[in-house]
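Single-structure report; data block below.
All of these numbers come straight from a predicted model, not from anything done at the bench. When a ligand or atom number is given, it counts from 1 through the structure's own listing order.
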Amino acid sequence: MKNDLDLIPLNNWQIFPDMQRPYLIAGPCSAESYEQLYSTAVELKKGGLSLLRAGVWKPRTSPDSFEGMGEEALEWLKEIKVKLDLKICTEVANAKHIESALNAGLDLLWIGARTSSNPFMMQDIADCLQGVDIPVLVKNPINQELALWEGALKRLNRAGIRKLGVIHRGFSTMEKIRYRNLPAWHIAIELKSKYPNIPIFADPSHIAGKRELIADLSQKALDLGFEGLMVESHISPSTALSDAQQQLTPGSLYSLLNTLIVRETGTKDLEYISNIDELRNQIDVIDSELLRILHSRMDISREIGRYKKKYNISIVQADRWENLLEKILIDGRKMDLSDKFLEKLFNIIHQESIDAQNDVLSKSEVD
Ligand code: PEP
Ligand code: MN
């Protein structure tokens with residue numbers, strides 16, 4: 001099975017004329033009215049924007065939410081494209097959307113997270129785009145599954161889409177986190193390592209869910225070598241019909257962008273990800289995720305301890321530990337992790353779990 005993507009480099013997409021990093025895609029979550037879209041676009045253009053985003057069809061959890069203005073909004077985009085000399089893009093999720101978007105002269109399409117999660121929808125979209133020369137960006141699927149994201153890319157690529165990129169917008173999680181969507185940077189990095197030529201954008205707006213967190217997330221993306229940012233911007237965020245909390249006025253978007261440090265690549269070649277600083281950044285991110293995972297594991301261990309206490313069960317169950325370790329070693333070998341390393345690591349983790357359960361057992365709980 002072919003495990004590569006046949007890609008046209010971003011500098012040949014004719015979308016970002018000055019090729020200034022970070023490549024910016026900005027605009028409102030949704031196109032709500034001509035006036036809202038036009039006034040936002042005018043301000044964004046003043047700051048140098050070349051690619052305007054606006055949701056025309058909005059995939060919303062509830063049918064009672066604002067679901068976008070549809071075809072009418074395409075007319076506004078078309079008009080603004082000409083008036084302000086901007087490129088325009090929107091999210092598409094089915095054949096009907098694609099047909100309308102292509103007729104309206106959209107310059108780029110993106111696939112939303114709920115759509116990239118569904119292989120049937122992705123195949124329909126790919127079939128529909130067969131033979132069409134248009135750049136497509138694919139957001140990560142809602143669940144943390146790299147193979148699903150890759151699958152979506154392969155379907156489009158096999159249909160002839162070679163101007164292909166990705167957008168990391170975070171993943172759904174049951175965990176309590178400060179963000180709207182969990183930024184699993186390591187998954188985006190793994191994708192980039194497998195396909196070094198694929199342009200990668202971050203969508204800090206949908207990761208954050210709140211304006212205040214967008215700056216740090218944008219910097220993190222640049223630190224990791226992301227080429228671009230897709231940021232939601234609205235002329236009057238507080239009155240937005242969707243995602244009001246996470247949109248920035250064009251003015252605050254540009255102030256934020258001015259604070260960002262663009263890491264030098266030293267070369268125009270995407271090879272820069274192998275640069276030592278960036279690798280260290282990646283390690284830092286992975287380490288902090290490791291810590292978070294260890295924290296969750298210890299919480300569960302203590303919970304198990306409480307059950308064992310309640311049902312008067314001994315803490316150490318040798319057969320459970322043996323089976324667990326055996327499974328870890330088998331899985332680890334498939335990932336090139338040595339038995340010696342995993343035995344050492346998991347013995348320490350196991351011992352810490354036993355200690356935590358012992359603490360639970362010896363503590364007299366007042367309830
Ligand atoms: C959007 O970009 O407006 C959007 C709906 O994004 P996502 O697919 O990331 O939820
Ligand atoms: Mn949105």
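Scanning the protein heavy atoms around atom 8 (O) of ligand 1, the nearest turns out to be Ala113 N, 2.9 Å. Here the heavy atom of the protein found nearest to atom 9 (O) of ligand 1 is Arg169 NE, 2.6 Å. Looking from atom 6 (O) of ligand 1 to the surrounding protein, the closest heavy atom is Lys139 NZ, 2.8 Å. When hydrogens are left out, the protein atom nearest atom 3 (O) of ligand 1 is Lys58 NZ, 2.7 Å; that is the closest non-hydrogen contact.
The closest heavy-atom contact to atom 4 (C) of ligand 1, among the options His206, Arg114, Arg180, comes from His206.
At a 3.5 angstrom cut-off on N or O pairs, Arg53 counts as close to ligand 1.
Comment: Asp127 does not engage Arg155 in a salt bridge, judged by the lack of any side-chain N to carboxylate O separation of less than 4.0 angstrom. Looking at Arg280 and Asp284, no side-chain N of the basic residue comes within less than 4.0 Å of a carboxylate O on the acidic one, giving no salt bridge. With respect to the salt-bridge test (charged N to carboxylate O, under 4.0 angstrom), the residues Lys83 and Glu79 qualify. Looking at Glu99 and Lys96, no side-chain N of the basic residue comes within less than 4.0 Å of a carboxylate O on the acidic one, giving no salt bridge. Using a 4.0 Å cut-off between charged side-chain N and carboxylate O, Asp243 and Lys210 make no salt bridge.
Protein N/O/S atoms found under 2.8 Å from the Mn ion (ligand 2): Cys29 SG, His206 NE2, Glu232 OE2, Asp243 OD2.
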Step by step, would you call Lys139 with Glu91 a salt bridge (Lys or Arg N to Asp or Glu O under 4.0 Å)? CA-CA 10 Å; Lys139 289 199 174 191; Glu91 170 175 345; 5.7 Å; no
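Residue Glu91 has at least one heavy-atom neighbour below 4.0 Å for each of these atoms of ligand 1: 4 (C), 5 (C). Contact atoms of ligand 1 toward Gly112: 8 (O) (distance under 4.0 Å to a heavy atom of the residue).
Between Trp185 and Phe226, the distance separating the two ring centers is shorter than 6.0 angstrom.
A heavy-atom separation below 4.0 Å is not found between Met230 and ligand 1.
More than 12 heavy atoms of other shown residues, nucleotides or ligands fall within 6.0 angstrom of atom CD in Gln130.
Side-chain N/O atoms of Ser100 and Glu71 include a donor and acceptor closer than 3.5 Å.
The heavy-atom pair separating Leu217 from Pro183 by the smallest distance is CD2-CG, 4.4 Å.
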